[in-house]
Enquirer: 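Sharing a structure, written as structure tokens. Questions coming.
Positions are given from 1, in the same order as the sequence printed here.
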Amino acid sequence: MKILIIRFSSIGDIVLTTPVIRCLKKQRPDIELHYLTKHSFEPVLVNNPYIDRLHLLKDNLPEITETLQKENFDQIIDLHHNLRTLKVKRALNKPSYSFNKLNVQKWLLVNLKINTMPPQSIVERYLATVKHLGVKNDGLGLDYFIPKEKEVTTKDLPMSHWAGYVGCVIGGSYTTKKLPVEKWKELIAQIQYPILLLGGASDREEGERIAALDPVKIYNSCGKFDLNESASLVKNAKTIVSNDTGLMHVAAAFQKPILSLWGNTSPEMGMFPYFGSNDVNNIVLRGFMLENQSLSCHPCSKIGYDRCPKRHFKCMNDLDMTHAAALVTEWNKKAPAN
């Protein structure tokens with residue numbers, strides 16, 4: 001049997017599909033497993049041993065569907081479920097199974113603050129698409145495989161960070177999902193451990209502003225490392241503090257203690273750090289979700305905005321950094337030496 005999984009984007013969403021890949025391949029070794037994603041996200045899956053062939057969408061959807069038609073798949077597992085995947089499924093004309101996006105429930109939560117979302121991770125909805133194949137959740141959580149040549153060593157970091165560090169993921173796809181620079185400074189000032197800032201090139205300038213607080217204690221890696229190298233930095237961290245963004249899920253794949261920071265979005269939508277058996281109410285002692293649940297306007301979006309619609313941004317500005325620092329300090333004391 002030949003199966004195609006589709007998930008076009010983004011980093012975190014793709015990482016959250018990895019239990020489907022692993023469980024499908026290990027529990028049904030008779031299946032030849034293909035995966036379709038955007039070309040820009042190739043690094044997330046390029047080293048995954050459970051994928052037999054990776055197909056990459058660049059700009060031309062008809063071109064990739066023509067290639068896929070030649071594969072003669074038996075089934076399609078649609079883990080994105082949008083207009084573009086609908087076009088692919090129609091072109092291939094094979095039996096398909098799509099995950100439930102729960103858009104009505106998300107709308108109720110965002111617009112009326114009525115929470116009818118299930119407490120389970122989105123991973124459970126992804127896995128439901130392969131239930132008909134006898135595939136079950138193995139409880140092993142997420143996967144992330146780093147190519148050997150992308151593993152970062154101590155020689156790539158300042159000596160001050162060789163004995164270990166707290167990784168702070170300052171990036172995010174939207175402004176309202178990012179902890180402000182001054183709040184990062186407030187947090188980091190209370191943490192007595194080396195700090196490594198993580199993010200892309202677009203986060204470099206904010207990273208410099210944060211690092212100016214203490215250039216020895218704080219190392220700004222934003223924009224200096226590619227995705228898989230950044231994943232290696234996450235893997236080597238003792239603890240991770242992160243906005244709701246892709247590297248948060250990479251950290252969960254490595255079973256790191258995670259302090260996740262929630263702005264305009266909410267973990268109740270199913271995108272919280274997933275370790276294999278936890279739901280939104282039980283993070284199995286591996287982390288803590290810091291969220292301002294007292295606001296009548298929270299959550300205000302299932303994705304994010306360029307600025308707070310209410311202009312006060314209290315969902316992030318009112319987060320308790322003293323409590324956050326205490327959690328990180330406690331976890332770091334228990335963390336094994338590198």
Enquirer: Side chains of Y144 and N228: is there a donor and an acceptor less than 3.5 Å apart?
Expert: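 On atom types as modelled, these side chains qualify, holding a pair under 3.5 Å.
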
Enquirer: Counting N and O atoms only, with roles assigned by atom type, does the side chain of E229 sit under 3.5 Å from a partner on the main chain of E151, one being a donor and the other an acceptor?
Expert: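 No.
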
Enquirer: Are F8 and L16 connected in the hydrophobic side-chain network, where two residues link if heavy atoms are under 4.5 Å apart?
Expert: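 Result: no, two separate clusters.
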
Enquirer: Please assess E63 against K58 for the test salt bridge (Lys or Arg N to Asp or Glu O under 4.0 Å), listing each intermediate value before the final yes or no.
Expert: CA-CA 9 Å; E63 182 180 328; K58 294 183 179 178; over 6 Å; no

Enquirer: Please confirm whether the backbone N or O of F73 pairs with a side-chain atom of H34, one donor and one acceptor, at under 3.5 Å?
Expert: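 Judged by distance alone, no pair lies under 3.5 Å.
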
Enquirer: Should K150 and D226 count as an ion pair when the cut-off is N to O under 4.0 Å?
Expert: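 Yes, K150 and D226 are salt-bridged.
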
Enquirer: Any side-chain to backbone donor/acceptor pair from N317 onto F313? Under 3.5 Å, distance only.
Expert: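 Yes; judged by distance alone, with no hydrogens or angles, the pair exists.
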
Enquirer: As a quick check of understanding, evaluate salt bridge (Lys or Arg N to Asp or Glu O under 4.0 Å) for D74 and K94, giving each step before the final call.
Expert: CA-CA 6 Å; D74 294 291; K94 298 293 181 179; over 6 Å; no

Enquirer: In the structure I gave you, are the side-chain heavy atoms of I195 and Y219 within less than 4.5 Å of one another anywhere?
Expert: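 No. Closest side-chain heavy atoms not under 4.5 Å.
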
Enquirer: May I ask you to say whether R53 pairs ionically with E71, meaning some side-chain N is under 4.0 Å from a carboxylate O?
Expert: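 Looking at R53 and E71, the cut-off is met.
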
Enquirer: I need the minimum non-hydrogen distance between F41 and S9, along with the two atoms involved.
Expert: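 That would be CE1-CB, 3.4 Å.
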
Enquirer: Tell me, with the steps shown, if K183 and E186 meet salt bridge (Lys or Arg N to Asp or Glu O under 4.0 Å).
Expert: CA-CA 5 Å; K183 295 294 288 187; E186 181 186 344; 3.5 Å; yes

Enquirer: Between T37 and E42, is any side-chain donor less than 3.5 angstrom from a side-chain acceptor?
Expert: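 The answer is no; no qualifying pair exists.
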
Enquirer: As a test of understanding, state which of V241, I240, N243 forms a side-chain contact (heavy atoms from CB on, under 4.5 Å) with V169.
Expert: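 Of all the options given, the one that passes is I240.
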
Enquirer: Side-chain contact, heavy-atom cut-off 4.5 Å: K333 with Y193?
Expert: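 Answer yes - side chains close enough.
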
Enquirer: Under the side-chain hydrogen bond (donor to acceptor under 3.5 Å, both in side chains) rule, what do D279 and Q120 come out as? Steps first, then yes or no, please.
Expert: CA-CA 5 Å; D279 58 33; Q120 288 80 20; 5.5 Å; no

Enquirer: Do Y97 and H132 make the cut of ring centroids closer than 6.0 angstrom?
Expert: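 Ring centroids of Y97 and H132 are less than 6.0 Å from each other.
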
Enquirer: Between K26 and D138, is a salt bridge (Lys or Arg N to Asp or Glu O under 4.0 Å) present by the stated rule, with each step listed?
Expert: CA-CA 10 Å; K26 292 184 74 173; D138 60 11; 5.5 Å; no

Enquirer: Can you tell me how far OG of S96 sits from CD1 of I77, rounded to the nearest 0.5 angstrom?
Expert: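 Rounded to the nearest 0.5 Å, the CD1-OG separation comes out at 8.5 Å.
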
Enquirer: Centre-to-centre under 6.0 Å for Y35 and H55, is that the case here?
Expert: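 Ring centres of H55 and Y35 not closer than 6.0 Å.
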
Enquirer: Any side-chain heavy atom of L290 sitting closer than 4.5 Å to one from H323?
Expert: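 Yes - at least one pair of side-chain heavy atoms lies under 4.5 Å apart.
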
Enquirer: Treating Ile, Leu, Val, Met, Phe, Trp and Tyr as nodes and any side-chain heavy-atom pair under 4.5 angstrom as an edge, say whether F288 and M321 lie in one connected cluster.
Expert: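 Per the 4.5 Å side-chain linkage, F288 and M321 are co-clustered.
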
Enquirer: Under 3.5 Å, is there a donor-acceptor pair linking the side chains of S10 and D13?
Expert: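 Looking only at side-chain atoms, D13 and S10 do form a donor-acceptor pair, the distance falling under 3.5 Å.
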
Enquirer: Side chains of F275 and L142: does their closest heavy-atom pair fall under 4.5 Å?
Expert: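 Result no, sub-4.5 Å side-chain heavy-atom pair not found.
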
Enquirer: State whether the side chain of S277 and the backbone N or O of G139 hold a donor-acceptor pair below 3.5 Å, judged by distance alone.
Expert: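 Side chain of S277 to backbone of G139, a donor-acceptor pair under 3.5 Å: no, none is there.
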
Enquirer: E291 and S266: side-chain donor and acceptor closer than 3.5 Å?
Expert: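 The answer is yes; a qualifying pair exists.
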
Enquirer: So do K302 and L102 actually touch side chain to side chain, heavy atoms under 4.5 Å?
Expert: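 Of all side-chain heavy-atom pairs linking K302 with L102, none is under 4.5 Å.
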
Enquirer: Spell out, yes or no, whether V123 and L247 are grouped together once hydrophobic residues are joined by side-chain heavy atoms under 4.5 Å, including indirect joins.
Expert: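 Same cluster: V123 reaches L247 through Ile, Leu, Val, Met, Phe, Trp or Tyr contacts under 4.5 Å.
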
Enquirer: Let me confirm one number: the OG-CG distance from S40 to L56, rounded to the nearest 0.5 Å.
Expert: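 Result: 9.0 Å between the selected atoms.
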
Enquirer: If hydrophobic clusters are built from ILVMFWY residues whose side chains come within less than 4.5 Å, do F145 and V15 share one?
Expert: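 Same hydrophobic cluster.
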
Enquirer: Does Y305 use its side chain to pair, donor to acceptor, with the backbone of C300 at less than 3.5 Å?
Expert: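 It does hold such a pair.
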
Enquirer: Are T116 and Q105 linked by a side-chain donor-acceptor pair shorter than 3.5 Å?
Expert: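 The answer is no; no qualifying pair exists.
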
Enquirer: Is W262 reaching over with its side chain to a backbone N or O of M289, donor-acceptor style, under 3.5 angstrom?
Expert: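 Side chain of W262 to backbone of M289: no pair is present.
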
Enquirer: Are the side chain of N282 and the backbone N or O of N278 linked by a donor-acceptor pair below 3.5 Å?
Expert: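 Judged by distance alone, no pair lies under 3.5 Å.
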
Enquirer: Between CD1 of I21 and CD1 of I5, what distance do you get to the nearest 0.5 Å?
Expert: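 Going from CD1 on I21 over to CD1 on I5, the span is 5.5 Å.
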
Enquirer: Between D78 and T85, does a side-chain hydrogen bond (donor to acceptor under 3.5 Å, both in side chains) hold up when you go through it step by step?
Expert: CA-CA 7 Å; D78 182 1; T85 62; 2.8 Å; yes

Enquirer: After noting the C-alpha distance and the side-chain angles of N264 and T176, does the key distance pass the side-chain hydrogen bond (donor to acceptor under 3.5 Å, both in side chains) rule?
Expert: CA-CA 6 Å; N264 75 292; T176 52; 2.9 Å; yes

Enquirer: As a quick check of understanding, evaluate side-chain hydrogen bond (donor to acceptor under 3.5 Å, both in side chains) for D306 and T175, giving each step before the final call.
Expert: CA-CA 5 Å; D306 291 331; T175 300; 4.8 Å; no

Enquirer: So, D318 side chain and C315 main chain: donor-acceptor pair closer than 3.5 Å or not?
Expert: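 Not confirmed, D318 side chain does not pair with C315 backbone.
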
Enquirer: Could you check whether any side-chain N or O of R204 sits under 3.5 Å from a backbone N or O of N220, counting only pairs where one atom can act as donor and the other as acceptor?
Expert: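 Checking the backbone N and O of N220 against the side chain of R204, a donor-acceptor pair under 3.5 Å is found.
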
Enquirer: Rounded to the nearest 0.5 Å, what separation is found between the CZ atom of R28 and the CD1 atom of I3?
Expert: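 These two atoms lie 7.0 Å from each other.
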
Enquirer: Find the distance between CG (L179) and CG (D244) and round it off to the nearest 0.5 Å.
Expert: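 Spacing of CG (L179) from CG (D244) equals 12.5 Å.
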
Enquirer: Does a side-chain heavy-atom distance below 4.5 Å link L157 with Y165?
Expert: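 Counting from C-beta outward, L157 and Y165 do come under 4.5 Å.
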
Enquirer: Going hydrophobic residue to hydrophobic residue with side-chain gaps under 4.5 angstrom, can you get from Y126 over to I6?
Expert: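 Each belongs to a different hydrophobic cluster.
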
Enquirer: Short question: side chain of D52, backbone of K2 - any donor-acceptor pair under 3.5 Å?
Expert: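 No.
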
Enquirer: Under a 4.0 Å threshold between the charged nitrogen and the carboxylate oxygen, would K178 count as salt-bridged to D203?
Expert: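 Here D203 pairs with K178 in a salt bridge, since their nearest N and O are under 4.0 Å apart.
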
Enquirer: Before accepting this row, confirm whether a basic side-chain N of the pair E182/K185 lies closer than 4.0 Å to the acidic partner's carboxylate O.
Expert: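 K185 and E182: salt-bridged.
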
Enquirer: So, do K101 and F99 sit near enough that their side-chain heavy atoms are less than 4.5 Å apart?
Expert: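 Yes, their side chains come closer than 4.5 Å.
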
Enquirer: Taking C-beta and beyond as the side chain, do T245 and K177 meet within less than 4.5 Å on heavy atoms?
Expert: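 In short, these two side chains do not touch, never coming nearer than 4.5 Å.
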
